[in-house]
Asks: 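Just dropping this structure here.
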Amino acid sequence: MHVSLLGVSQNLSSQLEFLHLQILSIVTASQLRRIFERRTNFDLRRLLDGTETFLHSMLDRLEFDLAMATSSLHCLRLDPMVRKRVADTLVPTSKVKDILYVILIARGRVVTLIRPKKHSIHPADIHILMNTVHNPSIFNSPAAASWIPICLPKFNPNGFVNAYISFLQRDNPEEPSSAPSPSSPQSSSSASVTDSDSGTALVCISGGADFDTIRSWCDGVTQKLTNEGTLKLLSDCVRSGQAEYTVSELGIPGLRHFVYKSRAQVQVTFPTFEDPYENLTDRRRIITFYQVLHDAIHAKSGQSETLKLQYIRTEKESVMGWITQPFEMYIALSPRLPKSAVVGAANAVSRWVKKEEGRLFLKDAPVF
Amino acid sequence: MSKQFQFKLVLLGESAVGKSSLVLRFVKDQFDDYRESTIGAAFLTQTVTLEDQMTVKFEIWDTAGQERYKSLAPMYYRNANCAVVVYDITQSASLEKARTWIRELQRQADPSIVIALCGNKTDLSARRQVTEEEAKKYADEEGLMWGETSAKTGEGVSDIFMAIAKKLPLTAPSRAGTSRTAPGARAGVDLNKQSASVGQNDNCNC
Ligand SMILES: Nc1nc2c(ncn2[C@@H]2O[C@H](COP(=O)(O)OP(=O)(O)OP(=O)(O)O)[C@@H](O)[C@H]2O)c(=O)[nH]1
Ligand SMILES: [Mg+2]
């Protein structure tokens with residue numbers, strides 16, 4: 001397990017929290033409690049047998065996943081009209097009982113998320129779900145769909161719901177599906193966590209056990225997405241690279257990377273990592289900086305006062321964390337820039353996000 | 001005129017006996033030496049053609065054999081028209097497990113359910129622990145269909161599914177599809193009880 005040396009305490013505790021949530025998603029809190037009440041020396045491994053892959057992939061994610069690090073949702077950048085078409089197709093009719101959430105995922109990001117009026121969804125539950133959906137047992141399965149019991153710990157730590165998961169598209173058909181999942185993220189220098197998050201999946205969370213109803217409903221909407229060309233629009237967008245962006249698109253001098261979290265929407269956006277953060281060592285360093293900044297502006301490292309703005313400059317880069325009412329931002333720039341230019345760049349990022357908001361974030365998703 | 005029948009089939013059996021491999025062979029005619037253990041259950045379909053133009057579409061639930069998922073099995077067999085209970089011929093303990101499943105099916109499933117006992121991994125017969133005689137005798141006593149297969153070589157795989165297709169009542173249109181949700185089959189949560197956990201301010205606002 002890789003634990004960053006800087007900001008260890010906070011980072012470690014949030015990593016452990018996610019592992020704990022991942023275990024809960026498999027066992028539920030009440031089951032765990034019962035087990036430990038009866039036998040305090042119970043070896044949890046027996047119950048978790050076969051789920052090591054979930055924990056391994058969760059550990060891999062913890063290292064690089066910026067949505068998890070900022071406890072927010074990461075949406076696929078998409079033309080709002082396409083997103084709306086997807087969402088309108090996925091609103092369940094009143095006839096399908098027990099549906100809790102319908103989520104379309106592409107490239108490990110949320111395309112849209114449909115929920116009942118009275119239930120919102122916690123980002124941590126989405127992260128657990130994301131990790132589950134991309135588990136090799138499900139992702140590599142030749143099956144048309146999987147139906148799995150899962151506990152979404154922030155929704156209800158004591159009970160299971162059922163998840164119907166069907167991959168509408170798997171993006172890497174040339175990759176052998178029989179290959180054992182690599183459990184070591186360090187194996188390849190160019191590997192990024194999102195590489196394993198390919199494919200487009202429809203996930204339907206149901207509070208009930210009637211999988212036949214859910215399955216035929218999902219089959220129906222999948223057909224509709226296909227027949228009406230919506231799925232093609234979506235995959236064209238992903239394939240053409242529009243779902244990603246680089247800092248160069250912002251045209252801000254000296255800007256190398258940033259993470260922007262909309263606090264109101266609990267959603268995050270960031271450009272792809274490219275030079276100088278292409279290799280894992282440099283990427284780890286910048287993510288560690290982001291974590292340090294995150295802790296500083298959230299007063300999590302034990303300091304008495306929260307800082308609204310934190311600036312660090314090393315010979316490799318300048319980084320800044322900034323928290324305001326509507327957003328939280330972490331930016332990395334060339335170390336040659338003066339601090340005033342860094343602040344200017346941060347303002348420019350914020351303006352750009354505002355302008356792009358419609359494509360970057362999920363807004364006005366239908367509720368039912 | 002061809003007639004199509006649709007039946008629900010469930011696969012049960014200890015983990016690693018080869019349930020998913022059998023289905024993969026039956027549905028895609030493929031085999032993987034490395035297969036991830038199933039989580040929950042996986043859904044697949046396959047259509048076979050019998051003589052006289054009749055086709056049978058199997059809606060297959062390949063269940064997870066790991067102990068943790070045991071309590072979920074009724075969800076799948078309650079509405080099933082047929083069940084394939086798989087054991088590994090190189091592991092006599094897996095036949096014991098299969099017997100347990102068969103007893104449960106006989107007690108809890110629809111009395112008309114067609115049950116087939118399937119001994120898999122015949123390509124490993126050098127390490128055989130369960131003889132054909134022993135398994136066949138047990139199957140006869142219990143009135144089950146029985147066959148041996150190798151998902152790896154494909155031997156016997158389509159035979160067992162074809163035999164099941166023929167055994168199913170192809171007279172009336174199958175009831176499959178009009179699912180009889182048995183009372184107590186619901187293992188879900190009561191949504192209305194959840195309201196308390198909602199509205200936490202760190203939830204997504206979208
Ligand atoms: N030699 C040989 N190996 C087989 C055969 N069928 C399956 N296997 C292997 O046995 C292992 C387990 O097979 P699975 O199909 O995953 O078993 P399962 O019953 O679905 O297991 P769970 O999903 O955990 O319930 C895999 O490594 C398969 O490659 C077979 O006929 N011959
Ligand atoms: Mg399996």
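In what follows, every chain begins at residue 1, and chains take the letters A, B, ... in the order their sequences are listed. The structure presented is a predicted model; accordingly, all values stated were derived computationally and were not measured.
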Asks: Can you tell me which portion of A/Phe361 sits under 4.5 Å from chain B's heavy atoms? Options are side chain, backbone, both or neither.
Replies: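 Interface part for A/Phe361: neither.
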
Asks: Restricting to non-hydrogen atoms, name the atom on B/Arg35 and the atom on A/Asn140 that form the minimum distance, rounded to 0.1 Å.
Replies: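 Here B/Arg35 and A/Asn140 meet closest at NH2-O, 4.4 Å.
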
Asks: Looking at A/Ser137, A/Ala144, A/Ala163, which one has more heavy-atom pairs under 4.5 Å with chain B than the rest?
Replies: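 Greatest number of close heavy-atom pairs with chain B: A/Ser137.
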
Asks: Give, for atom CZ of B/Phe43 and atom SG of A/Cys218, the distance between the pair rounded to the nearest 0.5 Å.
Replies: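 Those atoms lie 11.5 Å apart.
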
Asks: Pick one of side chain, backbone, both or neither for A/Arg263, based on which atoms fall under 4.5 Å of a heavy atom in chain B.
Replies: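 Neither the backbone nor the side chain of A/Arg263 comes within 4.5 Å of chain B.
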
Asks: Can we call the ring centroids of A/Phe211 and B/Tyr76 under 6.0 Å apart?
Replies: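 Yes, ring centres under 6.0 Å apart.
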
Asks: Could you pull out all residues at least two apart from A/Lys84 that satisfy salt bridge (charged side-chain N to carboxylate O under 4.0 Å, His left out)?
Replies: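 Salt bridge (charged side-chain N to carboxylate O under 4.0 Å, His left out) check on A/Lys84 returns A/Asp88.
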
Asks: Among residues 23-30 of chain B, which residues come closer than 4.5 Å to chain A, judged by heavy atom distances?
Replies: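 Interface residues of residues 23-30 of chain B: B/Leu24, B/Lys28.
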
Asks: Which value, rounded to the nearest 0.5 Å, describes the distance between A/Asp212 atom CG and B/Glu59 atom CD?
Replies: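 With rounding to 0.5 Å, CG (A/Asp212) is 6.5 Å from CD (B/Glu59).
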
Asks: What part of B/Tyr69 lies closer than 4.5 angstrom to a heavy atom of chain A: side chain, backbone, both or neither?
Replies: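 Side chain of B/Tyr69 only, per the 4.5 Å heavy-atom cut-off to chain A.
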
Asks: Which value, rounded to the nearest 0.5 Å, describes the distance between B/Ile39 atom CD1 and A/Thr53 atom OG1?
Replies: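 Reported value, rounded in 0.5 Å steps: 6.0 Å.
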
Asks: Got a second to check how far B/Glu36's CD is from A/Ile138's CD1, nearest 0.5 Å?
Replies: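 Answer rounded to 0.5 Å: 10.5 Å.
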
Asks: Can you tell me how far apart CD1 (A/Ile148) and CG (B/Leu72) are? Round to the nearest 0.5 Å.
Replies: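 A/Ile148 atom CD1 to B/Leu72 atom CG measures 10.5 Å (nearest 0.5 Å).
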
Asks: Just verifying a value: how many Å separate A/Asp219 CG and B/Thr45 OG1, rounded to the nearest 0.5 Å?
Replies: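 Rounded to the nearest 0.5 Å, the CG-OG1 separation comes out at 9.0 Å.
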
Asks: Identify which of B/Ser15, B/Ala42, B/Ser37 forms the greatest number of heavy-atom pairs closer than 4.5 Å to chain A.
Replies: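 Max contact count across the listed options: B/Ala42.
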
